[in-house]
Amino acid sequence: MSAALSDRPRRVTTHVLQEMKIRGEKIAMLTAYDYSIARILDRAGIDVLLVGDSASNVIAGYETTIPITLNEMIYYASSVVRAIERALVVVDLPFGSYQGNSKEALSSSIRIMKETGAHAVKLEGGREVVESVSRIISAGIPVMGHLGLTPQSIHKFGTYVVRAKEDAEAKKLVDDAHLLEEAGCFALVLEKIPATLGAKVAGELKIPVIGIGAGRNVDGQVLVLHDMLGITQDFSPRFLRRYHNLYQEITGAVTKYIDDVKNIEFPNEKEQY
Ligand code: KIV
């Protein structure tokens with residue numbers, strides 16, 4: 001192999017994620033919505049970038065993930081894809097782009113793949129989306145499932161509390177997880193469920209199970225970038241670890257800039273032509 005080729009980072013594929021599960025190496029996944037940040041995350045070594053419909057909250061400022069459109073997701077996803085050399089890029093199918101029927105689900109997935117260059121799509125739900133999952137996979141498009149707290153159904157549940165605490169809901173979740181695996185999903189996200197249930201699903205499934213509030217005994221973790229960097233301030237579920245307080249850092253930098261401009265301390269002699 002030439003030096004140039006061997007220097008290139010090994011691309012993360014769905015097969016690489018499967019191998020990671022087999023050898024017990026945890027998968028690190030974060031959300032990304034734009035070129036500059038995606039470039040930093042990719043170079044830092046993130047395994048999977050999710051262009052999440054959480055963009056509806058953290059980028060567009062909506063209260064729920066429901067308003068974001070397929071066109072908007074395609075815009076964010078193509079910006080992310082242009083930045084990456086290594087990570088696997090997964091794009092959320094937004095609300096209203098797949099629930100109608102499996103034909104709609106397939107045509108939305110095809111648009112994402114053709115117009116963004118992403119590697120996979122993600123959709124929420126169990127039994128009710130299995131037919132769509134099979135149809136998308138039949139077209140050669142990898143699909144990631146999403147069970148537990150499914151924010152696109154917020155108005156059905158009415159609250160963001162922990163899901164599947166009761167036996168009946170936990171059993172349904174386990175059954176749905178198996179159905180999604182049998183339909184061909186390459187991975188599954190489990191959101192805000194008891195840690196014991198997360199561990200049970202990860203133990204039973206062959207595909208990687210990635211948790212967000214599903215405990216430590218799953219195959220990987222995902223967080224919304226704006227939450228883990230502390231850009232958002234008013235969202236503090238127990239599962240969220242804040243690795244930084246960027247809200248404070250940005251406020252400090254911008255306040256200093258405003259002062260410098262007002263006091264004619266910026267630009268200085270060296271910063272002008
Ligand atoms: O949209 C998103 O960011 C997600 C994660 C919470 C998994 O679906």
Side-chain angles (χ1 to χ4, degrees), residues 17 26-34 37-38 41 46-70 72-77 79-80 87-99 108-109 112 116 118-126 129 133 142-154 157 160-164 173 176-177 180 185-193 198 201-202 207-215 218-229 231-232 235-242:
L17 298 182
K26 300 287 184 188
I27 296 163
M29 170 163 145
L30 280 172
T31 62
Y33 319 97
D34 74 280
I37 299 287
L41 303 184
I46 199 76
D47 299 312
V48 184
L49 284 179
L50 171 67
V51 184
D53 60 358
S54 50
S56 183
N57 309 107
V58 298
I59 304 293
Y62 291 114
E63 207 175 306
T64 71
T65 56
I66 290 172
I68 199 161
T69 65
L70 183 57
E72 286 164 339
M73 291 301 294
I74 286 173
Y75 176 77
Y76 295 135
S79 310
V80 167
L88 183 89
V89 179
V90 182
V91 182
D92 261 334
L93 282 164
F95 180 73
S97 72
Y98 65 97
Q99 286 90 348
S108 300
S109 304
I112 288 177
T116 74
H119 310 120
V121 297
K122 174 165 88 56
L123 47 70
E124 296 181 6
V129 296
V133 167
V143 178
M144 178 180 269
H146 184 155
L147 294 172
L149 177 68
T150 47
Q152 292 179 10
S153 308
I154 182 58
F157 296 107
Y160 288 102
V161 294
V162 179
R163 292 289 140 80
L173 187 143
D176 281 348
L180 290 171
C185 280
F186 73 91
L188 176 66
V189 165
L190 290 182
E191 182 165 352
K192 213 168 178 186
I193 59 165
V201 176
I207 58 172
V209 172
I210 299 175
I212 171 163
V218 288
D219 306 305
Q221 300 292 332
V222 55
L223 285 175
V224 171
L225 186 79
H226 290 58
D227 298 334
M228 64 84 79
L229 288 181
I231 298 174
T232 51
F235 179 69
S236 297
R238 187 198 294 194
F239 68 73
L240 174 61
R241 185 179 294 181
R242 285 196 202 285

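All ligand and atom numbering here is 1-based and tracks the order in the structure. Treat the numbers as computed from the prediction; the structure is a model and nothing was measured.
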* Take every heavy atom of Met29, measure it against each atom of ligand 1, and state whether any distance is under 4.0 Å. => no

[atom1]/[X] to [atom2]/[Y] distance, rounded to the nearest 0.5 angstrom?
X: Gln221; Y: Lys26; atom1: CD; atom2: NZ; value: 7.5 Å
X: Thr64; Y: Asn57; atom1: OG1; atom2: CG; value: 7.0 Å
X: Leu30; Y: Leu225; atom1: CG; atom2: CG; value: 5.5 Å
X: Asp92; Y: Met144; atom1: CG; atom2: CE; value: 9.5 Å

* Asked: So which heavy atom on Phe186 is nearest to which on Ile207, and how close?
  -> O-CB, 3.6 Å

For [X], atoms of ligand 1 separated by under 4.0 Å from a heavy atom:
X: Ile212; answer: 6 (C)
X: Val224; answer: 3 (O)
X: His146; answer: 8 (O)
X: Asp92; answer: 1 (O), 2 (C), 8 (O)
X: Ser54; answer: 1 (O), 2 (C), 3 (O)

* Please determine, by modelled atom types, if Tyr33 and Ser54 share a side-chain donor-acceptor pair under 3.5 angstrom. => yes

* Does a side chain donor of either Asp34 or Ser79 reach within less than 3.5 Å of an acceptor in the other side chain? -> no

* **Under 3.5 Å: N/O of Glu191 near N/O of ligand 1** => no

* Lys122 N/O to ligand 1 N/O under 3.5 Å -> yes

* Using a heavy-atom cut-off of under 4.0 Å, does the side chain or the backbone of Leu50 touch ligand 1, or both, or neither? -> side chain

* Looking only at heavy atoms, is any part of Thr31 under 4.0 Å from ligand 1, and if so is it the side chain, the backbone, or both, or is it neither? -> side chain

